[in-house]
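All of these numbers come straight from a predicted model, not from anything done at the bench. Positions are given from 1, in the same order as the sequence printed here.
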Amino acid sequence: MTLVFVGLVLLIVGYNASKISYSVHRFRSLLLFAGLTLVALGLAVSTVVQIEAGQVGVQTLFGKVQPRILTSGLNVVNPLVNVTKFDTRTQNYTMSVQREEGQRAGDDAIQVLTADGLEVVIDLTVLYRVVPARTPHILSTIGPNYQDAIVRPVTRTRIRDNAVYYDAVALYSTRRDEFQNRIYNTINRDFQQRGLQLEQLLIRNIQLPAPVKRSIESKISAEQEAQKMQFVLQKERQEAERKRLEAQGIADYQKIISAELSDRLLRYETIKANQAIATSANSKVIIMGNSQNAPQVLLSDK
């Protein structure tokens with residue numbers, strides 16, 4: 001509209017050039033031509049609006065929001081409308097204890113009270129997007145600054161409201177997923193009423209009070225020691241069982257041997273032993289015998 005305004009000024013000056021001065025009157029034709037050109041160019045520029053990919057445009061005419069939504073690309077509009085662009089891609093809002101990590105500098109983590117009266121600090125990231133069809137409603141009821149007006153306060157409030165149903169230790173460990181699903185559902189309902197869509201809620205960290213954290217660490221250490229002792233005991237029981245089976249096997253073997261030993265078997269084994277001795281490298285003359293048999297003489301030249 002700036003070009004239109006400048007063009008109108010030139011047209012007015014051109015039409016009244018003769019009344020202003022003779023020197024201006026000489027450029028009357030040039031002023032009229034320039035004025036018409038600027039007005040035409042300004043109107044042409046004002047009637048075409050380019051919307052980038054991942055955006056939509058909402059028109060406002062004399063303070064009234066228009067229902068027609070401008071999509072990505074070139075759009076022909078009334079030159080008198082004002083177009084507000086909304087990003088419809090996934091956006092994130094982080095609230096963290098780490099400085100300069102989130103949207104706000106400094107410690108922006110959420111401090112909540114649990115069911116057992118302890119104060120827990122939560123780091124959180126909200127992934128959401130604007131619903132394109134609801135952008136006129138957002139502009140008329142919230143405005144373009146929906147992050148500070150809706151995303152931040154709703155998220156922090158709902159987390160505090162739901163944390164009171166959980167103990168600090170349960171919130172930190174066993175019921176963390178349940179807590180995350182619960183606050184997701186409540187925040188998503190609030191977002192949908194405002195024209196926003198919650199895509200994902202990421203609990204990045206839950207920081208417990210120092211005494212509670214030390215207590216949990218001690219408990220975990222004790223559980224690990226107990227598991228280690230169970231392993232040692234199981235190993236010792238297995239070793240004892242192995243030795244028992246080994247002793248039982250030896251006893252069974254001795255029992256079988258005792259039952260099957262006879263004089264003939266012993267004599268046969270004696271002969272085998274004598275042969276082995278006779279064929280050894282160090283034996284020369286071997287005399288063996290017993291009370292029932294004549295002495296045996298085994299000669300060897302080795």
Side-chain angles (χ1 to χ4, degrees), residues 86-132 134-135 137-227:
F86 285 87
D87 191 347
T88 58
R89 294 168 293 190
T90 299
Q91 304 178 57
N92 76 84
Y93 193 91
T94 298
M95 290 164 280
S96 173
V97 70
Q98 301 294 330
R99 296 184 177 274
E100 299 181 357
E101 190 174 36
Q103 270 67 14
R104 293 196 177 187
D107 185 356
D108 194 35
I110 307 171
Q111 297 180 351
V112 301
L113 288 178
T114 59
D116 48 358
L118 296 176
E119 187 178 84
V120 175
V121 179
I122 298 177
D123 282 12
L124 188 77
T125 294
V126 182
L127 299 179
Y128 71 97
R129 62 181 178 86
V130 174
V131 180
R134 300 292 303 280
T135 49
H137 173 76
I138 295 174
L139 182 61
S140 60
T141 59
I142 304 171
N145 190 24
Y146 46 82
Q147 273 198 348
D148 291 335
I150 298 298
V151 176
R152 176 182 172 83
V154 167
T155 301
R156 297 176 75 91
T157 300
R158 292 310 181 192
I159 288 179
R160 291 191 178 103
D161 292 343
N162 287 278
V164 297
Y165 297 103
Y166 301 89
D167 294 337
V169 176
L171 195 65
Y172 180 79
S173 55
T174 58
R175 304 183 69 183
R176 179 167 178 166
D177 291 339
E178 177 186 333
F179 172 66
Q180 181 166 317
N181 292 333
R182 181 168 183 158
I183 59 177
Y184 174 89
N185 293 329
T186 55
I187 294 174
N188 189 38
R189 284 196 296 267
D190 291 338
F191 276 20
Q192 287 179 345
Q193 293 175 0
R194 300 289 187 172
L196 304 175
Q197 176 65 49
L198 180 62
E199 293 187 347
Q200 198 170 3
L201 199 65
L202 305 175
I203 297 180
R204 305 168 58 200
N205 184 40
I206 297 179
Q207 184 176 339
L208 298 176
V212 178
K213 187 176 181 180
R214 287 195 295 268
S215 176
I216 293 176
E217 291 174 350
S218 299
K219 180 180 178 181
I220 293 175
S221 178
E223 291 176 350
Q224 291 176 345
E225 288 295 330
Q227 292 176 356

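Annotation for Ala109 and Val121: closest pair CB-CG1, 3.4 Å, computed over non-hydrogen atoms. Between Leu201 and Gln180, the closest heavy-atom pair is O-NE2, 2.9 Å. Here the closest non-hydrogen pair linking Val151 and Tyr93 is CG1-CB, 3.9 Å. The heavy-atom pair separating Gln147 from Asn92 by the smallest distance is NE2-O, 3.8 Å. Annotation for Arg160 and Val164: closest pair O-CG1, 3.7 Å, computed over non-hydrogen atoms.
The residue from Val130, Ile138, Ile142 that alone fulfils the side-chain contact (heavy atoms from CB on, under 4.5 Å) condition with Arg194 is Ile142.
Residue Leu208 holds its CG atom at 8.0 Å from CG of Leu118, rounded to the nearest 0.5 Å. To the nearest 0.5 Å, atom CG of residue Asn162 and atom CG of residue Leu171 are 10.5 Å apart. Here Gln207 contributes atom CD and Tyr172 contributes atom OH; the two are 9.5 Å apart, rounded to the nearest 0.5 Å. Here the CG atom belonging to Leu198 is positioned 6.5 Å from the CD1 atom belonging to Ile187, to the nearest 0.5 angstrom. From Ile183, atom CD1 reaches atom CG of Asp161 across 11.0 Å, with rounding to the nearest 0.5 Å. To the nearest 0.5 Å, the span separating CG on Leu124 from OG1 on Thr94 amounts to 8.0 Å.
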Inset, instruction - For the pair Ile122 and Asn205, evaluate side-chain contact (heavy atoms from CB on, under 4.5 Å) and give the outcome as yes or no after the intermediate values. - result: CA-CA 6 Å; Ile122 298 177; Asn205 184 40; over 6 Å; no
Inset, instruction - Just do the side-chain contact (heavy atoms from CB on, under 4.5 Å) check on Asn188 and Gln197 with the steps written out, would you? - result: CA-CA 7 Å; Asn188 189 38; Gln197 176 65 49; 3.6 Å; yes
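For Arg134, the side-chain contact (heavy atoms from CB on, under 4.5 Å) criterion is met by Val131, His137, not counting sequence neighbours. Remark: Asp167 pairs with no residue by the salt bridge (Lys or Arg N to Asp or Glu O under 4.0 Å) rule, at least two apart or across chains. Residues passing the ring-ring contact (aromatic ring centres under 6.0 Å, His included) test with Phe191, sequence neighbours excluded: none. Here Arg204 pairs with Glu101 under the salt bridge (Lys or Arg N to Asp or Glu O under 4.0 Å) rule; sequence neighbours left out. Applying the side-chain contact (heavy atoms from CB on, under 4.5 Å) test to Glu119 and every residue at least two apart in sequence or in another chain returns Gln111, Leu113.
In this structure, the side chains of Asp116 and Val169 stay at 4.5 Å or more apart for every pair of heavy atoms. Side-chain contact between Ile159 and Met95 is absent, with no heavy-atom pair separated by less than 4.5 Å. Looking at Arg129 and Gln91, their side chains never come closer than 4.5 Å, going by heavy atoms from C-beta outward.
Under the 30°/60° scheme for interplanar angles, the aromatic rings of Phe86 and Tyr146 are found to lie parallel.
Applying the salt bridge (charged side-chain N to carboxylate O under 4.0 Å, His left out) rule to pairs touching residues 176-189 yields Arg175-Glu178, sequence neighbours excluded.
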